[in-house]
Protein chains: 2
Amino acid sequence: MTTRPAAQPPERLRLLPSRLLTRTAAQVQRLVAEGLGEYRTHHYALMAAAAELGPASQAALGQACGMDRSDVVAALDDLTVRGLVRRALDPADRRRNTVVLTGDGERALHELDARVQEVQQRAFVPLTPDERGVLADLLARVNRHHAEAE
Amino acid sequence: MTTRPAAQPPERLRLLPSRLLTRTAAQVQRLVAEGLGEYRTHHYALMAAAAELGPASQAALGQACGMDRSDVVAALDDLTVRGLVRRALDPADRRRNTVVLTGDGERALHELDARVQEVQQRAFVPLTPDERGVLADLLARVNRHHAEAE
DNA sequence: GCCAACTGTTGGCGTCGCCAACGAATTCGT
DNA sequence: ACGAATTCGTTGGCGACGCCAACAGTTGGC
């Protein structure tokens, strides 16, 4: 018999806040990905931004979602192929594409909204509603601090 | 003048707990990566595991760190080249490699310990010590819940 | 002795975030 | 008004991270 290798993570890692944060994020992210099914987080983010901003340039959408221009292009390509989004040259500024959600796009977005909300429930099930609020608040403050530093 | 595009994220995303979690994790992860400099999280994790477990097989190290066997191989290759770790065939079980930290490895690990601790300070600076404890606790519970579900 | 399981290794895949370069178009500075 | 700087979309690429499949060598159970 070989010595049971003690699957426990090393002490330094087990208690490391940054590791706890990134690993938990990965777990939750996995749930989200499953929930989104055929879509990725980029797709959902862009559709949400398009819905709330109305007709907007790709740059505006990317900035709103905090994603790189090149990634916006790729994700919008996907959404265009699926007919969820339309790109049109902005006549007022011919560098820009005006992006709008189609009817199918709005329907898909609502569907995803439901799936995403359902995932949030499952993701934080060990926490009470109060605790979820506390967690969100703490994360928001850390997030904001690092975001402000550009 | 073009309409200021309002860089604010869409409402649905701004308040989405899973997004808050993953984005904050990414910010902190970036700090960690900077702190580790020439090393990656895999390297630090494996060295920590090797230090705490003593001579161990790659499988044991990988299991302890929660990483895939193939990723263990790659990371140990790096560490071996840098002379921080030694691989030796286990005479008792010739399938296994016994992995041990070298003197240089121990020194490097201590150096990294310091850098990592310093990063933890900076990462969560907007939180009081109490709040950091609360955050760690909440994350640990969520993490444990999803980990137990295998 | 045989079959199942484990070990290390190679090679590959997908997501995510990021960066560089480019041409076309627009805005700014003077 | 005109050249310089900037913006926009696009393409192509990179690194980190997590994961999976296959394979040969080895070991264990039965």
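Labels below follow one simple rule: chain letters A, B, ... track the order of the sequence lines, proteins then strands, and each chain is numbered from 1. In this text, all values refer to a predicted model and were calculated from it rather than measured experimentally.
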Exercise for the section: Let me know the distance between CG of L36(B) and P of dG15(D), rounded to the nearest Å. Expected result: 18 Å
Practice task
Side chain of D77(A) only, please: which of dT27(D), dG18(D), dT11(D) is the nearest?
Solution key: dT11(D)
Handout entry: Atom-pair distance (CZ on R30(B); P on dG15(D)), nearest Å
Key = 16 Å
Practice task
Using heavy atoms to find the nearest nucleotide of DNA chain D for V73(A) and G66(B) separately, return the residue whose nucleotide is more 5′.
Solution key: V73(A)
Fill in the blank from the handout: Testing dC17(D), dG17(C), dT27(D) for proximity to the side chain of R94(B), the answer is dT27(D)
Fill in the blank from the handout: Between Q58(A) and M67(B), the residue closer to the 5' end of DNA chain D by nearest nucleotide is Q58(A)
Exercise for the section: Tell me which of P91(A) and T98(B) sits closer to the 5' end of DNA chain C, going by the nucleotide each one is nearest to. Expected result: T98(B)
Practice task
State, yes or no, whether a side-chain contact exists between L46(B) and C65(B) at a heavy-atom distance under 4.5 Å.
Solution key: yes
Practice task
Kindly determine whether Q120(B) and S18(A) satisfy side-chain hydrogen bond (donor to acceptor under 3.5 Å, both in side chains), including the steps that lead there.
Solution key: CA-CA 7 Å; Q120(B) 305 299 311; S18(A) 63; 2.8 Å; yes
Problem - Joint hydrophobic cluster, V99(B) plus L53(B), side-chain heavy atoms closer than 4.5 Å - result: yes
Exercise for the section: Determine whether any donor atom in the side chain of S70(A) lies under 3.5 Å from an acceptor atom in the base of dC19(C), or the reverse, and answer yes or no. Expected result: yes
Exercise for the section: Using a 4.0 Å heavy-atom cut-off across all strands, classify N97(A) as base, sugar-phosphate, or nothing. Expected result: sugar-phosphate
Completion exercise
Atom CD of Q27(A) and atom C1' of dC19(D) are separated, to the nearest Å, by 15 Å
Practice task
Would you mind telling me which of dA5(C), dT7(D), dC17(D) lies closest to the side-chain atoms of R40(B)?
Solution key: dC17(D)
Practice task
Check if the side chain of D71(A) and the base of dC18(C) share a donor-acceptor pair of N or O atoms closer than 3.5 Å.
Solution key: yes
Exercise for the section: Provide, to the nearest angstrom, the distance between the CG atom belonging to L89(B) and the P atom belonging to dT27(D). Expected result: 10 Å
Exercise for the section: Treat each ILVMFWY residue as a node, draw an edge where side-chain heavy atoms are under 4.5 Å apart, and state whether L13(B) and L31(A) are in one component. Expected result: yes
Exercise for the section: Whole angstrom is fine here: how far is it from CD in Q63(B) over to P in dC19(D)? Expected result: 14 Å
Problem - Per D68(A) side chain, nearest of listed nucleotides dC19(C), dC8(D), dG17(C) - result: dC19(C)
Handout entry: Spacing between D93(B) atom CG and dA24(D) atom P, to the nearest angstrom
Key = 19 Å
Fill in the blank from the handout: 5'-most contact on DNA chain C (nearest-nucleotide basis), D90(A) vs R23(B), goes to R23(B)
Handout entry: Pairwise side-chain contact, L36(B) with V119(B), heavy-atom cut-off 4.5 Å (strictly under)
Key = no
Exercise for the section: Using a heavy-atom cut-off of under 4.0 Å over every strand shown, decide if R87(A) touches base, sugar-phosphate, or nothing. Expected result: sugar-phosphate
Practice task
For R69(A), report the nucleic acid contact type (base, sugar-phosphate, nothing); a contact means any heavy atom under 4.0 Å.
Solution key: base
Handout entry: Nucleotide dG15(D), atom P - distance to CD of E38(B) in whole Å
Key = 17 Å
Exercise for the section: Measure distances between side-chain N and O atoms of R95(B) and base N and O atoms of dC6(C), and say whether any donor-acceptor pair falls under 3.5 Å. Expected result: yes
Practice task
Indicate whether OP1 or OP2 belonging to dA24(C) is found under 4.0 Å from a side-chain N or O atom of R96(A).
Solution key: no
Practice task
Take the protein atom OH of Y39(A) and the nucleotide atom P of dC16(C), then report the distance between them rounded to whole Å.
Solution key: 15 Å
Handout entry: Note, L21(B) side chain near L139(B) side chain (heavy atom, < 4.5 Å)
Key = yes
Handout entry: Distance below 4.0 Å between Q29(A) side-chain N/O and dC16(C) OP1 or OP2
Key = yes
